[in-house]
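Notes follow once the structure below has been shown.
In what follows, chains carry the letters A, B, and so on, assigned in the order in which the sequence lines appear, proteins first and then strands, with residues in each chain numbered from 1.
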Amino acid sequence: MEHIRGSIMRSLEGAIRKLVDSNRLCADVLDHLSSIALEVPKDARHGEFATPMALSLAGVARKAPREIASLIVEEMEQEGFSSYVERAEIAGPGFINFHLSSKWLVDTIGLVRSRDEKYGCSDYGRGERILVEFVSANPVGPLNIVNARAAAVGDTLVRLLNASGYSAASEFYVNDAGRQVSVLGESVYARYMELEGVDYPFPEDGYRGEYVKDVARKAMEEHGDRISAMDSDDARHFLQEFALNYILDWQRRSLEAYEVRFDRWFSERKLRQTGAVEDMVREMAEAGYTYEKDGAVWFRSSDYGDDKDRVLVKSDGLYTYVAPDLAYHRDKLARGFTKLIDILGPDHHGYEGRMQAGLKAFGHPDGTLEVLILQLVTLMRDGQPVKMSKRAGEFITMDDLLEEVPKDAARYFFIMRNTSSHLDFDLDLAKAQTTDNPVWYIQYAHARCCSIFRQAEAEGIQPTEWEQADVSCLVHPSEIDLVRKMASFPDEVLTAALERAPSRIAKYALELAGLFHSFYTDCRVISDDEAQTRARLALVDAARIVLRNVLGIMGVSAPERM
RNA sequence: GCGCCUGUAGCUCAGGGGAUAGAGCAACGGACUUCUAAUCCGUGGGCCGCAGGUUCGAUUCCUGCCAGGCGCGCCA
């Protein structure tokens, strides 16, 4: 499809240059050539490709849009269209619509089938290394619903980027060195004492979840003897480390069940041990990026676009999270990543200014770090929001969700909305095994493809009979619409990657499945017409490939029967 | 008070300067002797939150306002 687009673009550009050479258009339009847009129209009646360029050139050329359009089309006709273009028409206020000959259809089906699992991939990113950091939940409790959304969005984004020729990696930053870990240790210690029947006060800001008791119980079962032989400081430390490992393992398992695997779990503690944080704070001081006030070390982040300055080292000598986090982002860049994407929850949006300021101070160009803020998720049951209150212990974790809803449905539902929009997650719909459930609907389209091949096999039709089929006999509108949609897949993948918008690919998958179902109803695949049967089997094979590939990008399985 | 996000069909949401603003659900009416009816086809339904501005053209960009969500720590 790219080569078709390219040939039309060149032909358009050539026509415009000729018009300028012969003074039929003024030279100023040449400055606007780079912004030529060749889009795939929403409405099939507007052809396979269309450009609004005559409209956008109207101002510069000081001519009516339709007049410019007809000049361009005449010129293109003189030169002869590329082999794919059958005709070009001027429509509406001045759009130029290109209708392609059946050669593109034949080529598209062939391309899909020859590229197979690679269909949809491009080398656009030229191997640029991008690090996508997401979830990065504190290791003090179970993963929540927003973490689950982040996991689905982040993982899909990494897949989209890799499919678009980038070299993208995923990373989970483990905050295993901060104050929260010691609070966790204190909380577990208090529960442990409770189990031993000792009257011990529960920390004011401790974690009150039931799981803390579970951790204490588990520690007692496995290491009770050792712990009772320790003094209280050692026991506290032991329990802290035990809890940390327990919870990290738990988080890892939750994500594993969700089929989200990180390329790396990056430990804050290990980063600190390398001295990277000290080095950075010292360098910042030497460069004059910091000052001391009230016994603390402040970063002049407001000089670099943040709303106010931030404390790096507290008056008690400990770092705030800002220092190690900045050192972490520096480390990512030092490892050779040239673009960083952080996916954060809505409660962390203020964080962006500090990180951007830090990277700017270190001299990294604007745009090195992109922050994607996910909005909240509301779980809906029986049309009502599910109330969640941490205090009342009514809290639905990611594990709870996955126990109730299949992984495929959860992943799809979490990416189907814009990241910037609040997400209503309909639990009943996600569980439903009906046509209303978009995941089911898409998977069913794939299963239907497979079912057709099972039928063909049962009727003794050998793959060799249709693999080289002549598909130029496919002319039914449902067939053409399906091919059009398949043809745009690589474009859709790239756009979704560049816009950091997994929801686009979710929408594409739904539309593709819809077109397949319409085709299935309108066009009987296996019939007495042998040539048509072969051609349609080839088409179904292509559809099967695209459906499987798009499901794969979303991390959703492609069942062969349902 | 300040910052971020949102406001489009009864509901959930697409679209983000350009063609008649779309989809799914819900409502209503149709389609199976057939490769899975777990599907398909059709009908109705809209001051694109409000008011200005930029533009040949604004639902889209800008400003203000209104409404909702979330933040605003020497917590992460």
Of the candidates B:C35, B:G69, B:C74, the side chain of A:K314 sits closest to B:C74
Would you call A:R536 and A:E479 a salt bridge, using N to O less than 4.0 angstrom? yes
Stems with RNA chain B, 3 or more Watson-Crick or G-U pairs in a row (under 3.5 Å), are B:1-7 with B:66-72, B:10-13 with B:22-25, B:27-31 with B:39-43, B:49-53 with B:61-65
Quick note, A:R354 side chain, CB onward, closest among B:A19, B:C35, B:A76 is B:A76
Practice item. Output yes when a side-chain donor or acceptor of A:S136 lies under 3.5 Å from a complementary backbone atom of A:Y173, and no otherwise. Key: yes
Q) Across the strands shown, which category fits A:D205 at heavy-atom distances under 4.0 angstrom: base, sugar-phosphate, nothing? A) nothing
When rounded to whole Å, the CG to C1' distance for the pair A:D347 and B:C5 reads 13 Å
Within the 3.5 Å criterion, strictly below it, is a donor on A:Y351 or A:D342 matched to an acceptor on the partner's side chain? no
* So A:V183 and A:Y207, side chain to side chain contact (heavy atoms under 4.5 Å, CB included) or not? Walk me through it. -> CA-CA 8 Å; A:V183 173; A:Y207 298 104; 3.7 Å; yes
Residues passing the side chain to side chain donor-acceptor pair (under 3.5 Å) test with A:E268, sequence neighbours excluded, are A:N175, A:R272
Taking the basic N atoms (NZ, or NE/NH1/NH2) and the acidic carboxylate oxygens, is any pair closer than 4.0 Å for A:R179 and A:D205?
yes
Row check, A:F516 ring normal vs A:R448 NZ/CZ: under 6.0 Å, within 45°
no
Indicate whether A:H349 forms a stack on B:G71; treat it as stacked only if centroid distance is below 5.5 angstrom and interplanar angle below 30 degrees. no
Using OP1 and OP2 only, check whether a side-chain N or O of A:R45 sits under 4.0 Å from B:A19. no
Quick one: which protein N/O atoms are closer than 3.5 Å to N/O atoms of nucleotides 8-12 of chain B? Pair and distance per line, please.
{"from": "B:U12", "atom 1": "O2'", "to": "A:R417", "atom 2": "NH2", "distance (Å)": "2.9"}

A:Y328 and A:E171 side chains, donor-acceptor separation under 3.5 Å:
yes
- Examine the base of B:A14 for any acceptor or donor lying under 3.5 Å from a partner atom in the side chain of A:N418, and report the outcome as yes or no. no
Taken to the nearest whole Å, OH/A:Y441 to P/B:A23 is 12 Å
### Task
Could you tell me whether the side chain of A:S315 has a donor or acceptor atom within less than 3.5 Å of a complementary atom in the base of B:C74?
yes
